[in-house]
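Just so it is clear, the model here is predicted, and its values are computed rather than measured.
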Amino acid sequence: LSDIWALGSWPEVIVSMLEPLGFHPETSRVMDLGCGKGAVCIRIAQKLELQVFGIDLYQPFIQEARERAATLHVESFCTFDTQDIRSLLRKRKKDRYDVVIYAALGGLLGTFDQIISRIRTLVPDGGHMIIDDGFLAHAERMHRPGYEYCRNYEKTRSELTRHGDVIVSETIIPKEDLVSTFRKDFTYIRWRIEALSLRHPELMEALSTYLAQQQEEYRILEQETVQAVWLLQKNAAPPS
């Protein structure tokens, strides 16, 4: 994954959703759960100059995020830390963020209503949450491992708002953008696997298996799901 920065998220879409909200640069705080290499955090810092906090369990990603932030001269806006988001959410910390982002993490925290139930604990009443994920294009449910949380469009929106929160805006990722990005990313992965297989022939079978799995993953995302980003506002009143 050395050549891929965003790792499945849509940083420009997220920034465009946050920009109209008029957050104050000196006082507004954003938390990106599972930030990967920091693509979303860094774009928010560049475009909106907000204080961003990114956590990820994989330390090499966090190190790369710190280095990129420094290279792009936004390190004063960015704080990155190696943490498990599940442990963070279990602690029920008192810290609150104007925006909490859950991007390209799939069903790590469960179904959409379970995801919202957990991340809204980090947001004050009236604060915002961003979910960067998707919904099933045709089926009601998918039983494939890793996609059990996925629902169709209507049920996804229903789960997102089950706790009384409001969908402020929704962006459907155009199919051509999706396909173009995935094809480019897959090309990068294939190049790296070819190089690694030459250097480590003993890993060739495992690398080939990974490549096939990744190809199938992209096929599913392109043909069986629709990728979308939702901006939600936390409602203080519980649903009736």
Could you tell me whether R219 atom CZ has more than 12 heavy atoms of other residues or ligands within 6.0 Å of it?
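Yes, the 6.0 Å shell around CZ holds more than 12 heavy atoms from other groups.
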
Surrounding CD of E202 (heavy atoms of other residues, nucleotides or ligands, distance under 6.0 Å), is the total greater than 12?
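It does: E202 CD has more than 12 such atoms within range.
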
From [X] atom [atom1] to [Y] atom [atom2], the distance as rounded to the nearest 0.5 Å:
X    : Y    : atom1 : atom2 : value
D165 : D113 : CG    : CG    : 11.5 Å
K234 : I119 : NZ    : CD1   : 10.5 Å
F61  : C35  : CZ    : SG    : 10.0 Å
I130 : D32  : CD1   : CG    : 9.5 Å
T187 : D3   : OG1   : CG    : 10.5 Å
I62  : T82  : CD1   : OG1   : 5.0 Å

Indicate yes or no: at least one non-hydrogen side-chain atom of [X] is less than 4.5 angstrom from one of [Y].
X    : Y    : answer
L136 : Y147 : no
L33  : L88  : yes
E222 : R183 : yes
D95  : Y97  : yes
L21  : L231 : yes
V30  : Q51  : no
H24  : L50  : no
V40  : I101 : yes

Please test K155 against E140 for salt bridge (Lys or Arg N to Asp or Glu O under 4.0 Å), starting from the C-alpha separation and ending with a verdict.
CA-CA 9 Å; K155 290 183 179 179; E140 289 290 318; 3.2 Å; yes

Closer than 4.0 angstrom, basic N to acidic O: yes or no for E216 and R144?
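A salt bridge is present here (some side-chain N lies under 4.0 Å from a carboxylate O).
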
Is it possible for you to say whether [X] and [Y] belong to one hydrophobic cluster, with membership spreading through side-chain heavy-atom contacts below 4.5 Å?
X    : Y    : result
M142 : L221 : yes
I85  : I116 : yes
Y188 : I193 : yes
V99  : I44  : yes
M31  : V74  : no

I need the minimum non-hydrogen distance between [X] and [Y], along with the two atoms involved.
X    : Y    : answer
D132 : S9   : OD2-CA, 3.3 Å
C78  : I42  : SG-CG1, 4.3 Å
A65  : F80  : O-CE1, 3.6 Å
Y102 : L108 : OH-N, 3.4 Å

Strictly distance-based, threshold 3.5 Å: is any side-chain N or O of [X] a donor or acceptor partner for the main-chain N or O of [Y]?
X    : Y    : value
R190 : L211 : no
N235 : G164 : yes
W5   : K37  : yes
S180 : D177 : no
S16  : V13  : yes
Q233 : H128 : no
S158 : E154 : no
T121 : R118 : yes
D56  : Y58  : yes

Side-chain donor-acceptor contact under 3.5 Å, [X] with [Y]:
X    : Y    : answer
Q227 : T225 : yes
E170 : Y153 : yes
Q114 : S117 : no
Q63  : E67  : yes
T71  : R68  : no
D133 : Y149 : yes

Could you go through R151 and E159, starting from their C-alpha distance and side-chain angles, then the distance that decides it, and tell me whether this counts as salt bridge (Lys or Arg N to Asp or Glu O under 4.0 Å)?
CA-CA 9 Å; R151 301 290 184 267; E159 288 196 6; 3.6 Å; yes

One pair to check against side chain to side chain contact (heavy atoms under 4.5 Å, CB included): E12 and K47. What are the steps and the verdict?
CA-CA 10 Å; E12 300 302 333; K47 293 289 188 70; 3.3 Å; yes

Any cation-pi pair here, R29 with F53, using under 6.0 Å and within 45°?
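Yes; both conditions hold, so R29 lies above the ring face of F53.
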
May I ask you to decide if the ring planes of Y218 and F182 are parallel, tilted or perpendicular, using 30° and 60° as cut-offs?
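The arrangement is parallel - the two ring planes meet at less than 30°.
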
List the steps and the verdict of side chain to side chain contact (heavy atoms under 4.5 Å, CB included) for W10 and I173.
CA-CA 9 Å; W10 300 93; I173 306 301; 3.6 Å; yes

Apply side chain to side chain contact (heavy atoms under 4.5 Å, CB included) to residues E148 and H143 and explain how you reach the verdict.
CA-CA 5 Å; E148 298 91 343; H143 299 289; 5.8 Å; no

Go through the steps to decide whether F23 and L48 satisfy the test side chain to side chain contact (heavy atoms under 4.5 Å, CB included), and finish with yes or no.
CA-CA 8 Å; F23 289 115; L48 306 179; 5.7 Å; no

